[in-house]
Amino acid sequence: SGAPDRWIDVVQPQIAAMAQSSAHGIELMIAASQQKKIDDVNAFLKSRQFSGAQIEGIRATHAIEEGRPIETLWDAQVAVTAFARGIEHQDARVEMERAGGAILQLAA
């Protein structure tokens, strides 16, 4: 019965802290990922444990949505996330989105 009040007491300070925090670190990571080129996209994605079919889908999704091939870490992350939107089951979709987020971390 006290869960809603307890939730507000616990979550509200976290939300306030997040609202007051700086996004500077994230902005730097995004900028770095946009500059970091990928030489061999297939090899890069394969090394991140994507299957051949997933790699084809990721590359095709990026080409359709962005109108050009994957060139940078940012492109790869965007492509993986876009590809994940087409995955029916939420657990598999979230797993794919986490893999995309891990690509962004490579720029840090």
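The model shown is predicted, which means the values in this text are computed figures rather than measured ones.
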Sequence neighbours excluded - side chain to side chain donor-acceptor pair (under 3.5 Å) pairs with any residue from residues 77-86: E65-R85, Q77-T81

Exceeds 12 heavy-atom contacts within 6.0 angstrom, atom CD1 of I26: no

Heavy-atom pair of closest approach, residues A32 and A107: CB-O, 3.7 Å

Residues that E71 engages under salt bridge (charged side-chain N to carboxylate O under 4.0 Å, His left out), provided they are two or more places apart: R68

Non-hydrogen side-chain atoms of E88 and R93 separated by less than 4.5 Å: no

Closest heavy-atom pair and its distance - Q54, Q49: OE1-O, 4.3 Å

D75 (side chain) donor-acceptor with T72 (main chain) under 3.5 angstrom: yes

ILVMFWY clustering at 4.5 Å (side-chain atoms), partners of I87: I38, V41, F44, L45, F50, I55, I58, I70, L73, V80, F83, M96, I103, L106

Members besides V10 in its Ile/Leu/Val/Met/Phe/Trp/Tyr cluster (side-chain heavy atoms under 4.5 Å): none

Residue pairs passing the salt bridge (charged side-chain N to carboxylate O under 4.0 Å, His left out) test where at least one lies in residues 94-108, sequence neighbours excluded: none

Sequence neighbours excluded, every pair satisfying side chain to side chain donor-acceptor pair (under 3.5 Å) that has a member inside residues 20-30: none

Side chain to side chain donor-acceptor pair (under 3.5 Å) contacts in which one or both residues fall within residues 29-47, not counting sequence neighbours: N42-R59

Other cluster members, I8 - Ile/Leu/Val/Met/Phe/Trp/Tyr, side-chain contacts below 4.5 Å: W7, V11, I15

